[in-house]
Amino acid sequence: MRSRLRRLVLGATALFTAASALPAAAATTGQRAEQHPSRDGMSAVIRYTEYGIPHILAKNYADLGFGTGWAQAADEVCTLADGFVTLRGERSRYFGADAPAGGDLSAARTNLASDLYFRGVRESRTVEKLLAERAPVGPSREVRNMMRGWAAGYNAWLKQKKVTDPACAGASWVRPVTELDVAARGLAIASISGEGRFVETITAARPPAGGTSAAGTQSARTPGAKAVAKAADELWGDPGMGSNAVAFRGDTTANGRGLLLGNPHYPWDGGRRFWQSQQTIPGELNVSGGSLLGTPAISIGFNAHVAWSHTVSTGIPANFHQLTLDPADPTTYLVDGRPERMKKRTVTVAVKDGAPVTRTQWWTRYGPVITSLSSQVSLPWTGKTAYALNDPNAANLRFADTSLGFGKARSTGDVLASLDRHQGIPWVNTIAADRAGHSLYTQSQVLPRITDELAGRCSTELGRTTYPASGIAILDGSRGDCALGSDPGAVVPGIFGPARMPTLKDAPYAENSNGTAWMTNADRPLTGYERIFGTVGTQLGLRTRGAIEDVAAMADRGGLTVADLQRQQFANRVPAGDLAAGDVARACAALPGGTATGSDGKAVDVSAACGVLKAWDRTMDTGSRGALLFDRFWRRLEQAVPPDRLWKVPFSAADPVRTPNTLDTDAPGLSTALADAVAELRGAGIGLDAPLGAHQFVVRDGQRLPVPGGAGRLGVWNVIEPTWDAAAGGYTEVPFGSSHLQAVGWDGSRCPVARTLLTYSQSSNPKSPHFADQTRLFSGEKWVTSRFCEKDILSSPKLKVVRVHEPR
């Protein structure tokens with residue numbers, strides 16, 4: 001049986017490789033294949049190995065997209081279908097207008113707001129216009145064919161297979177899709193940190209009536225800079241996306257070749273999940289990694305020559321323009337004294353069990369009118385003033401081409417060249433390493449072209465405080481000389497060109513944990529970039545500090561291998577614990593009578609906590625006793641003690657990794673935080689020395705799986721962010737954290753040395769055999785050995801071959 005299967009695979013491989021050119025002629029071969037697609041319809045061969053990981057083999061890009069769409073549908077059809085309902089603006093029709101929108105593709109709170117926005121995008125034909133642009137502004141022919149193929153593969157799976165996932169089995173909203181739907185998903189992902197954050201206010205903005213502010217409920221008073229900065233932190237400091245990544249240069253490794261560890265932090269459920277695959281067009285493309293659901297290209301991954309990962313950046317991906325309105329018409333604004341009418345975008349949404357809802361949105365040359373930054377901070381639309389949002393990623397369909405360029409890269413230089421040519425990365429940094437021993441960090445992302453000079457010259461009164469404080473630019477929209485302009489080499493106007501991007505090449509290590517580009521390497525700080533990219537010389541987060549301590553020590557030690565990367569991923573060290581747990585234990589032991597007063601005024605016996613904290617191993621391993629107590633204490637402490645009172649030794653830009661330090665145990669609120677944490681655990685029936693894994697877990701197939709890792713606020717590399725529910729007895733199931741892990745290096749062979757792990761497993765379908773298999777590995781801190789080369793794929797004991805094709 002095994003020999004027959006092997007012959008089948010070899011035959012299929014030969015079918016695809018027979019006409020393939022050598023790598024030197026690969027581009028020409030690929031172009032011919034795209035120009036002359038098969039008349040038999042699209043098809044692909046999918047070889048499944050352990051844990052349901054598909055290795056998709058195709059003759060051209062359309063077929064590759066076809067196999068990818070098919071395989072993603074097989075694992076995630078309900079999640080994908082739900083997302084396409086969102087993109088069509090049909091959530092209210094199927095699920096009700098007032099139901100929660102889910103948050104996968106925007107920050108809309110209700111289905112109605114989501115539908116009004118996405119139907120507006122669709123009816124404005126934004127995606128069609130971008131598809132019609134020539135590359136690199138629009139997608140390349142290869143990416144267009146991948147999107148077309150992806151839609152055909154998804155549709156073929158729907159037609160030929162039965163949906164078994166109870167989340168959508170038999171649902172009328174599971175429908176075929178088009179290339180336009182696939183492109184719209186890519187656009188939504190690109191703009192999720194810009195317009196996607198403001199869906200509620202875009203769809204709710206109304207011109208003032210009778211001289212009052214918008215909607216008649218908001219104060220016309222200009223918000224304060226501190227309130228705006230806080231709202232910005234809530235918007236762009238959102239823990240809903242994050243990551244760590246580090247690249248090591250060859251002279252720090254055992255064999256002189258580069259190493260890369262990627263650890264993105266993403267939701268474990270819904271449309272922001274990663275999905276694993278290998279994509280191969282012989283002689284043209286061979287890349288393995290994780291894709292964001294509904295996208296045809298590998299987002300984070302590696303090939304035989306280079307590996308890369310992404311981390312959410314500190315760049316502010318949007319800006320605001322304050323409009324001066326025509327006194328006679330609040331829907332007309334002035335630019336250099338000349339009136340311009342706002343464009344009305346009237347959208348009608350079908351509603352389940354109700355009448356259709358029609359609303360009007362208002363758009364300007366800068367973007368949509370908005371009336372708030374958050375529920376607490378309004379930007380009122382009055383008879384004199386309104387605010388418009390500018391998001392350059394709302395016209396960015398270049399992410400897939402940038403990623404495809406990574407997949408074809410043979411070096412970190414090629415990775416940087418793809419970033420420079422396509423400029424499609426919306427809200428992340430890129431970290432890469434290659435087999436020649438090079439390392440790379442770059443914050444090459446699409447940002448509004450807000451220079452410090454422009455902000456200084458054109459900021460409004462509010463903007464003059466918000467820009468230096470938070471990177472949020474609020475420009476005077478009444479002046480034509482305040483336009484964003486264009487940089488040399490920029491793909492489109494209004495964004496930065498490649499020369500402006502903070503970039504570090506060939507450092508011994510290049511690390512980012514969602515901090516500023518400044519401290520990518522403590523010995524080679526980056527400076528000189530514009531404020532909108534991030535800060536220089538400011539205090540680092542504990543996760544960045546802990547990561548730099550760890551990776552700098554690794555680089556200094558040298559002789560690194562992939563195994564060292566694996567150990568770093570699961571070290572689960574708690575920098576906050578190293579800095580503070582001993583001091584807390586001593587302060588606890590010194591409390592008179594072993595009691596402290598909680599925030600409710602009640603005395604709490606905390607004496608047992610002193611020994612638990614002293615004995616704690618300072619990790620967030622599943623067996624760590626005291627980890628949960630410190631976790632709950634630290635959260636309370638940060639709420640009770642102002643940041644400037646937390647440490648005795650303040651932050652110093654001259655020593656950013658080691659300062660601030662030395663916990664101020666005399667700070668008001670410390671003993672209260674300890675009392676509250678002890679009372680909280682006891683109230684939930686949890687022992688102070690309970691092992692972490694007994695209360696940080698997921699349930700899969702009826703089995704409770706302990707989950708290692710801890711909160712980013714504690715400085716833990718392996719981020720896990722559970723949700724506390726005291727009424728339910730503590731932490732509920734883990735909804736967010738480490739996702740598609742990869743530790744990649746190279747040896748003397750043609751095959752990369754790679755270990756991967758998809759923490760939440762490949763499929764959301766509880767009936768799938770790959771619903772929980774990798775989650776069990778994650779629980780045990782184990783990895784998957786990647787099968788990249790043909791010999792490794794063919795030798796898999798779980799090998800399953802499927803030839804997929806369009807229905808005839």
Side-chain angles (χ1 to χ4, degrees), residues 243-263 300 302 305-311 313-315 406 409-420 425 428-445 498-529 533-538 540-541 543-562 564-565 568 653-658 717 742-746:
S243 302
N244 306 303
V246 60
F248 289 101
R249 193 174 67 191
D251 58 0
T252 70
T253 71
N255 60 11
R257 306 180 190 277
L259 289 170
L260 179 115
L261 173 60
N263 169 221
I300 289 174
F302 58 92
H305 307 281
V306 65
W308 75 96
S309 194
H310 295 302
T311 60
S313 79
T314 56
F406 294 171
R410 299 178 68 86
S411 67
T412 57
D414 289 346
V415 169
L416 195 58
S418 183
L419 288 162
D420 290 352
I425 298 296
V428 293
N429 307 293
T430 301
I431 297 89
D434 65 27
R435 69 158 50 237
H438 300 291
S439 67
L440 173 70
Y441 161 87
T442 181
Q443 191 180 344
S444 296
Q445 65 171 123
R500 300 268 197 170
M501 307 298 175
T503 299
L504 182 64
K505 301 178 184 178
D506 290 330
Y509 69 86
E511 193 282 333
N512 186 266
S513 294
N514 308 127
T516 171
W518 174 53
M519 274 290 107
T520 298
N521 182 292
D523 297 319
R524 292 175 58 178
L526 290 171
T527 60
Y529 46 85
F533 284 91
T535 58
V536 171
T538 55
L540 308 178
R543 181 156 52 89
T544 294
R545 291 174 62 183
I548 292 175
E549 287 176 337
D550 290 348
V551 304
M554 292 168 69
D556 288 344
R557 187 173 71 246
L560 302 177
T561 67
V562 168
D564 291 297
L565 304 183
Q568 168 62 19
D655 191 8
V657 177
R658 292 182 295 181
W717 176 285
Q742 57 177 17
V744 185
W746 295 268

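Both backbone and side-chain heavy atoms feed into the values below; hydrogens, waters and symmetry mates do not. The structure displayed is predicted, hence computed values, not measured ones.
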Student: Where do Pro525 and Met519 come nearest, in terms of heavy atoms and distance?
Tutor: CB-CE, 3.7 Å
Student: What is the ring orientation for Phe406 with His310, classed by angle as parallel under 30°, tilted 30 to 60°, or perpendicular over 60°?
Tutor: tilted
Student: Using the test side-chain contact (heavy atoms from CB on, under 4.5 Å), find all partners of Glu549 that sit at least two apart in sequence or belong to another chain.
Tutor: Arg573, Val657
Student: Under a 3.5 Å distance rule, please check whether Ser439 uses its side chain to pair with a backbone N or O of Tyr509 as donor and acceptor.
Tutor: no
Student: For the CG atom of Leu259 and the CZ atom of Phe248, what is their distance to the nearest 0.5 Å?
Tutor: 7.5 Å
Student: Could you report the tightest heavy-atom contact between Ala432 and Ala247, atom names first, then the distance?
Tutor: O-CB, 3.2 Å
Student: Determine whether a donor-acceptor pair (N or O, by modelled atom type, separation under 3.5 Å) exists between the side chain of Asp550 and the backbone of Ala547.
Tutor: no
Student: Would you find a donor on one side and an acceptor on the other, under 3.5 Å apart, between the side chain of Ser418 and the backbone of Val415?
Tutor: no
Student: Measure the CG-CG distance between Asn514 and Leu540 for me, rounded to the nearest 0.5 Å.
Tutor: 12.5 Å
Student: Please determine, by modelled atom types, if Thr311 and Asn429 share a side-chain donor-acceptor pair under 3.5 angstrom.
Tutor: yes
Student: Would you say the side chain of Ser313 lies within less than 4.5 Å of the side chain of Val428, judging by non-hydrogen atoms?
Tutor: no
Student: Applying side chain to side chain contact (heavy atoms under 4.5 Å, CB included), run through Arg543 and Asn244 and close with a yes or a no.
Tutor: CA-CA 9 Å; Arg543 181 156 52 89; Asn244 306 303; 2.7 Å; yes
Student: Which atom pair, heavy atoms only, marks the closest approach of Asn521 to Pro508?
Tutor: ND2-CD, 4.1 Å
Student: Applying side chain to side chain donor-acceptor pair (under 3.5 Å), name anything that partners Arg257, two or more places apart in sequence or on another chain.
Tutor: none
Student: How about Leu261 and Gln568: do any of their side-chain heavy atoms sit closer than 4.5 Å?
Tutor: yes
Student: Is it true that Thr442 and Thr503 share a donor-acceptor pair across their side chains at a distance under 3.5 Å?
Tutor: yes
Student: Drop me the distance from Asn512's CG to Tyr441's OH, to the nearest 0.5 angstrom.
Tutor: 5.0 Å
Student: State whether a side-chain donor-acceptor pair under 3.5 Å links Tyr529 with Thr535.
Tutor: no
Student: Looking at Ala743 and Val562, what are the two nearest heavy atoms and their distance?
Tutor: O-CG1, 3.8 Å
Student: For the residue pair Asp434 and His305, confirm or rule out a side-chain donor-acceptor distance under 3.5 Å.
Tutor: no
Student: Taking only residues two or more places apart in sequence or in another chain, which ones pass salt bridge (charged side-chain N to carboxylate O under 4.0 Å, His left out) with Arg524?
Tutor: none
Student: Measure across Ala254 and Thr561 and return the closest heavy-atom pair with its distance rounded to 0.1 Å.
Tutor: CB-CG2, 3.8 Å
Student: Can you measure from CG (Asp414) to CG (Leu419) and round to the nearest 0.5 angstrom?
Tutor: 11.0 Å
Student: Is a donor on one side and an acceptor on the other found under 3.5 Å between the side chain of Arg249 and the backbone of Gly256?
Tutor: no
Student: Would the distance check show the side chain of Gln443 and the main-chain N or O of Thr516 forming a donor-acceptor pair, the cut-off being under 3.5 Å?
Tutor: no
Student: For the atom pair CD1 (Ile425) and OG (Ser444), what is the distance rounded to the nearest 0.5 Å?
Tutor: 8.5 Å
Student: What's the shortest heavy-atom distance between Phe302 and Ala307, and which atoms?
Tutor: CB-CB, 3.6 Å
Student: State, yes or no, whether a side-chain contact exists between Thr314 and Phe533 at a heavy-atom distance under 4.5 Å.
Tutor: no
Student: Atom CG of Leu416 and atom CE of Met501: how far apart are they, to the nearest 0.5 Å?
Tutor: 10.0 Å
Student: Would you say the side-chain atoms of Asn255 pair up with the backbone N or O of Trp746, donor to acceptor, closer than 3.5 Å?
Tutor: yes
Student: Given Leu260, which of Ile431, Leu440, Val306 fulfils the side chain to side chain contact (heavy atoms under 4.5 Å, CB included) condition?
Tutor: Ile431
